[in-house]
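Report on the following structure.
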Amino acid sequence: MSSALLVEQLLNGLQLGVMLYLMAAGLTLIFGVMGLINLAHGSLYMVGAFACAAVAAWTGSFFLALIGALIAAAAAGALMEILVIRRLYGRDHLDQVLATFALILVFSEATRWLFGPFPLYLDIPAILQGTVPLPGGSRYQIYRLAIIGVGIAVAIGLYLLISRTRLGMRIRAGESDREMIAALGVDIRTLYTVVFALGAGLAGLAGAMIGPLQSVQVGMGEPVLILAFVVIVIGGIGSNRGALIGAILVGVVDTMGRALLPGVLSGLLGPSAAATTGSSLASMLIYLVMVVILVFRPRGLFPAGS
Amino acid sequence: MITRERLVEITLVLLLAAVPIAAQLLNEPFYLTLATRVAILGLAAVGLNIALGLGGLVSFGHAAFFGVGGYVAGVLAIHAFNGTPMLLGLPGTKLMPFIWIVAILVSGLVALGIGALTLRTSGVYFIMITLAFAQMIYYFAISWPAYGGEDGLSFYVRNGFPGVDTLKPLPFLLICYALLALGLILFQVLRKSRFGAALQGARQNEVRVAATGISPYRIRLVAFVIWAMITGVAGALYADLNRFVSPAMLSWHMSGELIVLIVLGGVGRRFGPVVGAGLYVLLEYWLGGITERWQLFLGLMLLGVVLFARGGLIGLLAGKPRHG
Amino acid sequence: MLLEISGLTASYGPVQALFGVDLAVAEGEMLALLGRNGMGKTTTIRALFGLTPASGGRVSFAGREIARLAPHRIAQLGLGLVPEGRRCFPNLTVEENLVVAARPGRWTQASVAELFPRLAERRRQLARTLSGGEQQMLAIGRALMTNPQLLVLDEATEGLAPIIRQDIWAALRALKSGGQAIIVVDKSLSELLPVADRCTILEKGTSVWTGKAGELSPQLQDRYLGV
Amino acid sequence: EPIKIGMITTLSGGGAGLGIDVRDAFQLALKQAGNAEIELVVEDDAQKPELAVQIADKMIQSDKVDLLTGIIWSNLAMAVVPSVTAQEIIYLSPNAGPSPLAGAACNANYFNVAYQNDNFHEAAGEYANIDYSNTFIMAPNYPAGQDALTGFKRYYKGTLAGEVYTQVGQTDYAAEIAQIRASGADSVFIFLPGGMGIAFTKQYAQSDVGIPLLGPGFSFSQDVLGAIGDAAVGVKNSASWSPDLDNPANAAFVEAFQAEYGRLPSVYAAQSFDTANLILSAAAKASVTDKDAFRAALKEADFASVRGKFSFNTNQHPIQDLYMREVVKEGDVITNKIIATVFTDHGDAYAKDCSL
Amino acid sequence: MADPVLSVTGLSRSFGALKATDEVTLDLRPGEIHALIGPNGAGKSTLINLISGALSPDAGSVHLGGMDVTRLGVSARARLGLGRTYQISSLFPEFSALRNVMLAVQARQGSSFRFFLPVMADASLRDPALSLLDRVGLAARAHVIAAELSHGERRQLELAMALALSPRLLLLDEPMAGMGPEGSKAMTALLAQLGHALPILLVEHDMDAVFALADRISVLVYGRIIATGSVEEIRRDPEVRRAYLGDAA
Ligand SMILES: Nc1ncnc2c1ncn2[C@@H]1O[C@H](COP(=O)(O)OP(=O)(O)OP(=O)(O)O)[C@@H](O)[C@H]1O
Ligand SMILES: Nc1ncnc2c1ncn2[C@@H]1O[C@H](COP(=O)(O)OP(=O)(O)OP(=O)(O)O)[C@@H](O)[C@H]1O
Ligand SMILES: [Mg+2]
Ligand SMILES: [Mg+2]
């Protein structure tokens, strides 16, 4: 592989990582703060993408659509928190798994009911269309660079929010002792709703931003959900920094695995067999990385609170 | 004294026993298939109940063992069918008892390997690392062409059991009932044993167990392996029920569904898995028959149970468990 | 009266723990809540803060009925809690623990640091790594920072070294003379009684005796407290 | 003579669009025939093989259906078809055509009315020979994907600039697109069904690679074109059918479908419509209770196919013409137009292994 | 003098810049109650954790009955006879008091891999557990779930569990914390009675109890032992009074 291609693939890995981060950020926030396993996080991502596609089709403006997606996902999140999630905080992870599993079914079918069974159309806004040249002769999509930018901005914003504000402090206090923070006069219920809506909004933003690159369809959140879980576990649950680094690690490893493994193997197996074997190994690679990391660091790379 | 829980259990056993009779009377042989599915999923959930209800080991990777059991059945059957030898030149077989033993051994071994590595972690990390292993096996199965890859492996006729015609639904149902009963008894015996006490202790307070001189790691590893073995047998039966096995049995959805069963029924309750499996299968059957949007209503019903019936259906019917 | 509790009952699930508690605290007064282990002191305090919902009875604070309010609403009315078992936020630093729920008033980080110099030394340390006694100081400091009208301490000096205990009692005495109302639970009668104005004794979830601290005779102590 | 048909298809989840087209077209054909004796029961398999098996068991044991049909996906077909046909129930495939069922595992009770999985890819490979000599080929890493590339290579004579298998369900193709750009290929052939194809095609167009794209009709069928949008325009894809295929049955079908459901039919709808009409034609000649006679009637394929001409090979898979289509935009509607006939009376490579 | 059951030599442990334990050397002799007192944050719990194996030292060694256990983990040390209680109660909340103790008895017997015999019917677990509960004064509460016990009762249970391991020595971290006067008195009496058979290293801020019980007292300040001696010696030590006791002596 030429070095120009290598650079491009690294960039691809970074971009995939940032994309995963956008999804993982909300998940790790909700997970870290409320100790809640939210399988329906992928559904909020889907809500964001559908809302974005619908508003874009209606107004013709992608940026309005982005705002619409944020609002829709945050609202769906707030509603979900008030109606369902709120009753699950004291419960163990299993009840949460069951309830949010049920929510996936509800969200998926409700979305299909609303929008019909066929995937929706959503495209990159005109000003972000096209590519820029990369050194070495290749080209890179402007929109993907924009995603990298937004992802990094979100990472910094979230970091400041959590470590520098009183809201962040209360969120972290609630993480360990919800009852106590309430007894000190903090309205933890509302706080949780806000945090949940924030996490949902981030998922919606991720869905909306990724929608133009992918298929806006029912069930689109599930593959990302699993990857996002992998990311936050590698990074250390509840850690924003861990989510970012975990996401980039997963993005780069996955991209490089897909790009390099078949080539490495083709000397041994011949091109066709190498292509299938390489691809199988590549699909297992990130899980392998996760296992190795957890065996040596059972609480992830950046265990929260240390 | 007969507790409410006991009463519920007796009713349940009677209900299960009534299914074959009802199927006969109403001429609805499909009821047998449904009951078989309940028994098999229930057995898988019994395994999960040992690890989860007693040991608190929430995992998202048990589909791995379910699928491994299924593939053991499929692969052995296909080799026996084609008369080709397998790995190491061993022959295939179409005899269920052999298949079960192999399924127990293979899933136990896989679990020993996975468990030895994963049980160092705990809580959510454990959930996710078990998921990682299951996903690896899943992707391997999808892309490994020898046994059908994503298309799965169809073996046309159900495997046999000496002296029983397993092709007929009823005898196969009875075999599944018998294994389910064994599983339930094993659960009960384990729960009351010293091992069970240590396992439950490790769930409630890991540090304390260690300080009394019991290694939680070893206790959990054994529980993990037992769990995998039971789940593996259930997987082999499931493959036999469908005469088919595919990577879908290994997917995280399957793990999720098994968790759903057990939470529906009641975690840590002896009959929780059976009640949960029964309810889930019935809902799926019944809703799937009335509306194309059955998943929406299934979701809403699951939500209802989780929110309003704490402790699952058994909890709702029989009240809180007695501790002691 | 600043606080008046009458006929308070409460349960943990099916287990009833309070069967009718009456007590009252005036402005600037310190009430000692006494009773053997398991008699309901902590439960009374939890019910007062809405943490264990009261199943019956009345609680009025500054003229307002508060028995059905959510915990954070109760606290916002001016009640500060130092709970049994400290319950500092382990993954927050000492400083963050102090400010996380702070409300404006005379207690500030500086004045808390004066009361507990030890805490100032450990400002940036995570509460999780504090020693038991340090955590107790932090719990008291955290409650003070909410500048409550009524300060409630459950096991005020548990786990503190004798010399620090003396400081705490001195501080509580000073608070009281500054007009602060206080409810305190503590096992060390010899230190508590000289500071407290009045006592209420609980027996099996019921208030059985209320009176001036000085009137708590050795007979009563023997009967209800096992001293 | 009453006939009960069981339809197992995907009506929920990401793949629901395909199943809904299959169901709708089938119901349309029944409605047009006005045959009150035919009863259709439809159930959703949620794209889960085990669930499909269970529904099949239920339909056979409980609903006592005479015929089964409806499955979209090869892996579900592989789960259901062998055990169904072993129970002497006739299964007619409106879509999936995995190779084992066309070859060694063929069965007298199994009729494929759609295609053998390799067919569309074979046509693309043959067509590629005209303009291209260095193609980059790509498919998901699962049996249907492996079959796809095998099918393409069977007729393609040029060199391969690259052969890549992606992950099933993959949604981001930046790494593969970079490889394509760097490969020096003169064309790209992809088989990426469903959401995978939508994602790839959009990303490919956005990346300004500029190398012509070819694919089987699945990835550019009517059900996904709306979602891909302009990015699909100009892509050449192979299929056995196209909305503009010039024959009276097709013209009537496209018009009726559009009138009934307000959208253009997809290739899945066309295949399903044919399946229904095939059953109707057989029912007119024989009774379902007489299995041999009914099978013989089916085998004659005596119905007006929307694909123009249609007959069965020895393995009961189609012999049909295969076309190259191009995605075009007509006003607001994006659809396909035929640009070439690649094969006439094309069968499949596995029929020789079938002992029927 | 008999060999010490426990001897700690040159033990050190830092947290970042803080030396929580600084070259501590101390021993515990058969039949004695050795109290460890010191200001809050002096490093008492840290020392207990180092001895029990919950923390590992930066330097120094721990010997148990002459055997070097410095490198062993918590459970291994527990099996060698090291019993402890926690500063904050640590129980099995869903089990009854009785089952809590039974599990500890089972651990001592080293028989947790028995899968079949039901424990509740097992007299070899139940009888010793009941007598232990009786010994700490909890017999009447044997069937109450641990989560429902009051603070003081939990401490008693905690002690019963430590005793169930038939330890060769006990490490007690503030056993009186949160106990009322009556409970403290009972606990003091219980420990006094135990102490003759079972050496105890006692961390406690309740000076009445310490002075009543201790055979020897060591005073820890800023991670260092500044004095070791009899009750009278320590009471009189001006350094100790200044750093810790105040007027409480
Ligand atoms: N979480 C709980 N669940 C059930 N019962 C409880 C719970 N907490 C306390 N109890 C019971 O309620 C009663 C009162 O307990 P409470 O903790 O209020 O007593 P206390 O006076 O504070 O005792 P202590 O001095 O030991 O702290 C006791 O009988 C106790 O067993
Ligand atoms: N993990 C840690 N990281 C940083 N500092 C720590 C850690 N653990 C303990 N410390 C500090 O070490 C010192 C000793 O703590 P330790 O808990 O041993 O005190 P102690 O003597 O038991 O006090 P107390 O009587 O209040 O319980 C304290 O100042 C504490 O803040
Ligand atoms: Mg209390
Ligand atoms: Mg301490």
Side-chain angles (χ1 to χ4, degrees), chain A residues 31 35 37 39-40 83-84 86-88 91-110 112-113 222 225-227 229-230 232-234 236-238 273 276-277 279-300 303, chain B residues 52-53 56 58 60 114 116-145 149 252-253 255-257 259-264 267 276 292-308 310-312:
Chain A
F31 211 130
I37 300 192
L39 294 184
L83 292 180
V84 179
R86 184 168 277 191
R87 295 158 219 269
L88 298 174
R91 313 260 198 108
D92 58 24
H93 287 330
L94 285 173
D95 285 0
Q96 302 171 352
V97 166
L98 175 55
T100 53
F101 186 86
L103 281 172
I104 295 184
L105 297 181
V106 172
F107 267 105
S108 293
E109 286 314 295
R112 203 163 58 81
W113 208 335
E222 288 177 25
L225 174 75
I226 296 288
L227 284 185
F229 270 116
V230 170
I232 67 173
V233 165
I234 287 181
I237 289 167
T276 52
T277 319
S279 147
S280 315
L281 285 181
S283 55
M284 294 190 260
L285 199 59
I286 52 165
Y287 298 103
L288 205 63
V289 168
M290 170 173 163
V291 166
V292 171
I293 287 177
L294 286 193
V295 166
F296 290 101
R297 309 208 44 165
R299 306 192 59 76
Chain B
L52 196 147
V58 185
F60 230 113
I114 296 182
L117 288 174
T118 56
L119 284 167
R120 287 166 205 283
T121 62
S122 61
V124 178
Y125 293 91
F126 179 73
I127 299 185
M128 288 300 146
I129 195 170
T130 49
L131 172 70
F133 274 100
Q135 288 291 95
M136 281 194 270
I137 299 178
Y138 171 73
Y139 279 113
F140 177 75
I142 278 198
S143 47
W144 193 39
W252 72 272
H253 280 269
S255 297
E257 247 170 60
I259 292 188
V260 167
L261 297 187
I262 198 159
V263 183
L264 264 184
V267 177
E292 172 193 321
R293 311 221 179 272
W294 62 280
Q295 297 209 0
L296 177 64
F297 297 101
L298 180 64
L300 290 174
M301 288 197 184
L302 294 182
L303 265 185
V305 172
V306 115
L307 292 182
F308 303 111
R310 297 195 64 164

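Computed from a predicted structure; not experimentally measured. Numbers restart at 1 for each chain; the letters A, B, ... are given by sequence-line order, proteins then strands.
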For this session: Name the region of B:Phe60, side chain, backbone, both or neither, that has any atom closer than 4.5 Å to a heavy atom of chain A.
Result: side chain

Problem set entry | Test item: B:Thr130 side-chain N/O and B:Ile127 main-chain N/O as donor-acceptor pair under 3.5 Å | yes

Problem set entry | Where B:Thr118 and B:Thr121 come nearest, the two heavy atoms and their spacing | O-OG1, 2.7 Å

Exercise. Picking from A:Leu105, A:Ile286, A:Leu285, which has the most non-hydrogen pairs under 4.5 angstrom with chain B?
Worked result: A:Leu105

Exercise. Under the 3.5 angstrom rule, does the side chain of B:Gln295 hit a backbone N or O of A:Glu109 as a donor-acceptor pair?
Worked result: no

For this session: Examine whether an atom of A:Val106 lies under 4.5 Å from a heavy atom of chain B, and if so say whether it belongs to the side chain, the backbone or both; otherwise answer neither.
Result: both

Problem set entry | Under 4.5 Å from any heavy atom of chain B - which part of A:Phe31 | side chain

Seminar exercise, completed: Cut-off 4.5 Å, heavy atoms of chain A, and the answer for B:Val267 is side chain

Problem set entry | B:Trp252 versus chain A, the contacting section by heavy-atom distance below 4.5 Å | side chain

Exercise. Are B:Ile259 and A:Leu98 close enough, and set up right, to give a side chain to side chain contact (heavy atoms under 4.5 Å, CB included), and what steps lead you there?
Worked result: CA-CA 7 Å; B:Ile259 292 188; A:Leu98 175 55; 5.7 Å; no

Exercise. Which atoms of A:Leu288 come close to chain B, meaning under 4.5 Å heavy atom to heavy atom: side chain ones, backbone ones, both, or neither?
Worked result: both

For this session: Answer with side chain, backbone, both or neither: which region of A:Ile293 has an atom nearer than 4.5 Å to a non-hydrogen atom of chain B?
Result: neither

Exercise. Going by heavy atoms in the side chains, are A:Tyr287 and B:Tyr139 under 4.5 Å from each other?
Worked result: yes

For this session: Name the region of A:Ile234, side chain, backbone, both or neither, that has any atom closer than 4.5 Å to a heavy atom of chain B.
Result: neither

Seminar exercise, completed: Here the gap from A:Leu39 atom CG to A:Gln96 atom CD, rounded to the nearest 0.5 Å, amounts to 9.5 Å

Problem set entry | Which atoms of A:Leu88 approach chain B - backbone, side chain, both or neither, heavy atom under 4.5 Å | side chain

Problem set entry | Spatial distance of atom CZ (A:Phe101) from atom CG (B:Leu302) [nearest 0.5 Å] | 8.0 Å

Exercise. B:Met301 versus B:Leu298: any side-chain heavy-atom pair under 4.5 Å?
Worked result: no

Exercise. What part of B:Leu300 is in contact with chain A, defined as an atom under 4.5 angstrom from a non-hydrogen atom: side chain, backbone, both or neither?
Worked result: both

For this session: Using a 4.5 Å cut-off on heavy atoms from C-beta on, say whether the side chain of A:Glu222 contacts that of A:Ile104.
Result: yes

Exercise. Highest number of heavy-atom pairs under 4.5 Å with chain B: which of A:Val295, A:Ile226, A:Asp95, A:Ile37?
Worked result: A:Ile226

Problem set entry | Region of B:Val263 that comes under 4.5 Å of a non-hydrogen atom in chain A | both

Exercise. In terms of heavy-atom proximity below 4.5 Å to chain A, should B:Ile142 be classed as side chain, backbone, both, or neither?
Worked result: neither

